[in-house]
J.: 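I have a structure here, written as structure tokens, and I will follow up with some questions on it.
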Amino acid sequence: MSSRPLGHQILSVKPLSVPAPGRGIDLHVKVTAPRSGHNLPVIVFSHGNAWSLDGYEPLVDRWAAAGFVVVQPTHLDSRRNAIGWDDPRFATIWRVRIADLHAIIDNLGDILAQAGPQVRVDRERIAVVGHSWGAQTAGAVLGARVLDADGVPGEDFSHSAVSAGVLIAAAGTGDTLTPFAAENLPFMKPDFSTMATPALVVAGGKDQSQLSTRGPEWFTDAYHLSPAPKSLLTIADAEHTMGGIAGEKVAETTDEDSARVVLLADAISAYLRAALGLDDTEWTALGAAAENSDGAWSIAGK
């Protein structure tokens, strides 16, 4: 994939406050957007465990330069909130994460008004994107549910304003969780059968989770077990950090590769432009390029 230069000058505004009654800690977001433009599509991005609105600039900045307005919350599990496994609030954070995305979508007008008059969006073109725990959060907004201890699907957290999504390194089904994950993360039992919203699932061919006894194919469950239309981007040498998407030279990155980050960012932009009905040229071209990638990455669809 081409490592084309960024297209638009961008700006970021933070922190912006979002009403979230009962949350305990104020919900703050960052908005990153092109400096100009009209009817821009929106990405609401959910970060991975322990991150914040200050992470994932390699993705967010590139999406904004490609013409998207990106809104990033700081979820309760952020390191800056110091809520550990043994904190009684931890057990409900997965629900609060989903509520955060709903609050952003429901208050999008006020958020953008705070960001400035230059941020002009198309309210009919909203997507949710997430990485790792954020992928599960985004998946719930796309229609996935959480199974209880008896295997019964829980409540529907989907949002009617969301037209498409992208799940990066989304946890698979809960039947092969490690003892630690089963005890501490009982919400990691997704049911993808109701995730009907169009979505791209991104999986790393070398992403070996410490939370499941299965191999990297665990991260493809969201594609295989959900109804069409879905697409699957598999990057053969990618691990959980996908080349360093949370930031340059971040300590937890295990597979530092700036070209991989560019591939992922641009593939997501191309997919969302197609899925949101803007332009499918780049996504079509990417599919053709995958056939000549010598197995470095591949795209499947249904």
Side-chain angles (χ1 to χ4, degrees), residues 1 32 40-48 51 55-73 97-98 101 104-105 125-144 157-159 161-172 190 192 195-204 207 219-235 238 240-243 245-246 260-280 282-283 286-287 290 297-302:
M1 182 121 184
T32 305
L40 301 173
V42 178
I43 294 173
V44 180
F45 181 79
S46 181
H47 63 72
W51 277 92
Y56 295 87
E57 281 192 349
L59 290 183
V60 171
D61 286 2
R62 200 162 183 90
W63 292 335
F68 291 85
V69 173
V70 187
V71 186
Q72 297 173 263
R97 278 176 146 267
I98 298 167
L101 299 195
I104 291 167
I105 296 165
R125 290 188 166 99
I126 299 174
V128 292
V129 181
H131 173 237
S132 194
W133 197 357
Q136 185 184 34
T137 306
V141 177
L142 297 175
F157 293 107
S158 61
H159 199 298
V162 174
S163 300
V166 181
L167 308 184
I168 309 168
F192 297 112
M195 195 176 77
T197 308
L200 170 66
V201 176
V202 181
D207 189 355
F219 293 98
T220 67
D221 283 355
Y223 170 75
H224 292 295
L225 301 178
S226 63
K230 296 293 183 294
S231 296
L232 173 66
L233 169 63
T234 303
I235 305 176
H240 200 64
T241 47
M242 295 284 165
I245 59 176
R260 185 173 300 147
V261 175
V262 169
L263 166 65
L264 179 57
D266 289 355
I268 290 172
S269 293
Y271 172 79
L272 289 178
R273 287 182 62 79
L276 295 174
L278 292 166
D279 182 1
D280 64 0
E282 292 182 1
W283 182 243
L286 187 66
W297 49 280
S298 63
I299 294 176
K302 65 178 185 179

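Along the sequence shown, residues are numbered consecutively beginning with 1.
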J.: Can you check whether Phe192 reaches His224 side chain to side chain, under 4.5 Å on heavy atoms?
T.: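 Not in contact.
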
J.: Do Thr197 and Ser158 come close enough that some side-chain heavy atom pair is under 4.5 Å?
T.: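 Heavy-atom side-chain distance check fails, nothing below 4.5 Å.
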
J.: Is the shortest side-chain heavy-atom distance between Trp297 and Leu286 below 4.5 Å?
T.: yes

J.: State which residue, out of Asp280, Asp266, Leu200, Leu276, fulfils the side-chain contact (heavy atoms from CB on, under 4.5 Å) condition with Tyr271.
T.: Leu200

J.: Taking the side chain from Lys302 and the backbone from Ser226, do they hold a donor-acceptor pair closer than 3.5 Å?
T.: yes

J.: Measure across Gly139 and Leu167 and return the closest heavy-atom pair with its distance rounded to 0.1 Å.
T.: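 Looking at all heavy atoms of both residues, the shortest contact is N-CD2, 3.6 Å.
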
J.: Is it the case that the side chain of Tyr223 and the backbone of Ala199 share a donor-acceptor pair, with hydrogens and angles ignored and the cut-off at 3.5 Å?
T.: no

J.: Quick one, His47 and Arg97 - any side-chain contact, counting heavy atoms below 4.5 Å?
T.: yes

J.: Where is the tightest heavy-atom contact between His240 and His131, given as atom of each residue plus distance?
T.: O-NE2, 2.8 Å

J.: To check you understand the geometry: which heavy-atom pair defines the closest contact between Ala196 and Pro229, and what is its length?
T.: O-CD, 4.2 Å

J.: So do the side chains of Leu101 and Val162 get within less than 4.5 Å of each other, counting heavy atoms only?
T.: no

J.: Given 3.5 Å as the limit, does a donor-acceptor pair link the side chain of Gln136 with the main chain of Ala171, or not?
T.: no

J.: Only one of Val201, Leu264, Val166, Ile168 forms a side-chain contact (heavy atoms from CB on, under 4.5 Å) with Leu233, so which one is it?
T.: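 Of all the options given, the one that passes is Leu264.
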
J.: Compare every heavy atom of Asp221 with every heavy atom of Gly172, then report the nearest pair and how far apart it is.
T.: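 Gly172 and Asp221 have their closest heavy atoms at CA-OD2, 3.5 Å.
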
J.: Looking only at non-hydrogen atoms, find the nearest pair between Met242 and Gly204 and report the distance.
T.: CE-N, 3.4 Å

J.: Calculate, to the nearest 0.5 Å, the distance between atoms CD1 and CG belonging to Ile43 and Leu59 respectively.
T.: 9.0 Å

J.: Would you say the side chain of His159 lies within less than 4.5 Å of the side chain of Ile126, judging by non-hydrogen atoms?
T.: no

J.: Hey, what's the ring geometry for Tyr56 with Trp51, parallel, tilted or perpendicular (30° and 60° as the breaks)?
T.: perpendicular

J.: Mind checking whether Leu272 and Val129 have side chains closer than 4.5 Å, heavy atoms only?
T.: yes

J.: Would you say Trp63 and Thr32 make side-chain contact, with heavy atoms under 4.5 Å?
T.: no

J.: Of the non-hydrogen atoms in Ile98 and Thr137, which two are nearest, and what is the gap between them?
T.: N-CG2, 3.7 Å

J.: If you measure only the distance, is there a donor-acceptor pair under 3.5 Å linking the side chains of Ser269 and Arg62?
T.: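 Distance-only check fails for Ser269 and Arg62.
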
